[in-house]
Amino acid sequence: MFRGFYTAASGMIAQQRRTEILTNNLANVSTPGYKADETVLRAFPEMLIQRLENQALPGTANKRLPRLSYVGPLNTGAYVQETIPRFQQGDLEETGFSTDMALVNINMPENEAGFQGTVFFTLENPAGGILYTRNGNFTLDGAGYLTNAYGLYVLDDQGNRIRLDSDRFQVDEDGWIIQDGAPVARIGVAFAENPLALVKREDGNYQWEDGVLPSAYGQGNMSFLVKQNHIERSNVDLAETMTQLLTAYRTFEANQKIVQAYDRSMDKAVNEIGRIG
């Protein structure tokens, strides 16, 4: 009796988790460079239900022998196995600010698993190592260093901080920062052959736990552009996300009604049937 109860309850938990992820996507619809998370739902292993009974077998009219009677498979519920960022290129938005930059994927190769690679800006991780982001909404701090909106230093292609005299500079499509007619530094851009292997951190940043991603410059099998005065918008599809959110809510509601029905049945079993005799 309780199998259906637990199956419906697991469905409610899975849809609640899915709703939280979709809501977070909606909250970041205006966050530059944000990559929408997608949920992967998976069913618990099915059980093959069988019953041992006494039935007459064909050709044995006068004999009754035990036989296994297969009822069929029983699904025991579902759960959210993992969340996967969707690294699809977002639309570009012109801002007019010289410190804003966007990465444009031109030709990205696919790895053996069929996943398309992508490129990231590099940031200095205060805890050590390098963080990666698609959010090019940068600014200059009081000391003239190029940072992101949360104060993390933007790195050049040599892994050094970028210091500028003012916000009057140009960035060409190859990533060179030019100030007063001379190149100052080259914006650091890393290439992830399999971006799904990156670990998502706070503020929309990612980390590669197996070391440091290789530089995207000089990679012969791929191409990209750096666009100054632009930012990459979030790739959250507002209409699609709202539809998925409504579907998750309706599914949660359906499972909730099943749980309530089981609750009423158990109440009858305890308080009414249990008093008979």
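Bear in mind that the values here come from a model prediction, so they are computed numbers and not experimental data.
- In this structure the side chain of Asn28 never reaches within 4.5 angstrom of the side chain of Val236, judged on heavy atoms.
- Atom CD1 of Ile178 and atom CD of Gln170 lie 7.0 Å apart (nearest 0.5 Å).
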Distance-only donor-acceptor hits, side chain of residues 36-44, under 3.5 Å, sequence neighbours excluded:
| residue | atom | partner | partner atom | Å |
| --- | --- | --- | --- | --- |
| Asp37 | OD1 | Lys200 | NZ | 3.3 |
| Asp37 | OD2 | Lys200 | NZ | 3.0 |
| Glu38 | OE2 | Arg86 | NH1 | 2.9 |

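- For the pair Thr99 (side chain) and Phe138 (backbone), a donor-acceptor distance under 3.5 Å is present.
- Under the 3.5 Å distance criterion, with hydrogens and angles disregarded, no donor-acceptor pair is assigned to the side chains of Asp100 and Asn229.
- Residues Ala248 and Thr19 come closest through the heavy atom pair CB-OG1, 3.7 Å.
- Between the side chains of Thr118 and Arg134, a donor-acceptor pair is found at a separation under 3.5 Å.
- Remark: the backbone N or O of Phe169 is paired with a side-chain donor or acceptor of Gln228 at under 3.5 angstrom.
- The side-chain heavy atoms of Lys35 and Glu232, taken from C-beta on, include a pair separated by under 4.5 Å.
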| Is there a side chain to side chain donor-acceptor pair (under 3.5 Å) between Thr241 and Asn25 once you walk through the steps? | CA-CA 8 Å; Thr241 304; Asn25 288 341; 5.3 Å; no
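- Note on ring orientation: taking the six-membered ring where Trp is involved, the planes of Phe87 and Phe120 are perpendicular (angle over 60°, cut-offs 30° and 60°).
- The aromatic rings of Phe224 and Tyr217 lie tilted to each other, with the angle between the two planes from 30° to 60°.
- Outside the 6.0 Å centre-distance limit, the rings of Tyr132 and Tyr206 are not counted as a close aromatic pair.
- Counting only residues at least two apart or in different chains, salt bridge (charged side-chain N to carboxylate O under 4.0 Å, His left out) contacts with residues 152-169 comprise Glu124-Arg161.
- Note: Asn160 CG to Thr122 OG1 = 10.0 Å, rounded to the nearest 0.5 Å.
- Under the 3.5 Å distance criterion, the side-chain polar atoms of Gln207 are left unmatched by any main-chain donor or acceptor of Val199.
- Separation of atoms CG (Asp263) and CD (Gln256) is listed at 11.5 Å; rounding is to 0.5 Å.
- Taking 4.5 Å as the limit, every side-chain heavy atom of Gln179 sits out of range of all side-chain heavy atoms of Ile177.
- Remark: of the listed residues Asp203, Asn205, Asn135, Asn205 is the sole one forming a side chain to side chain contact (heavy atoms under 4.5 Å, CB included) with Leu123.
- Between Asn24 and Tyr34, the side chains place a donor N or O and an acceptor N or O closer than 3.5 Å (distance only, hydrogens not considered).
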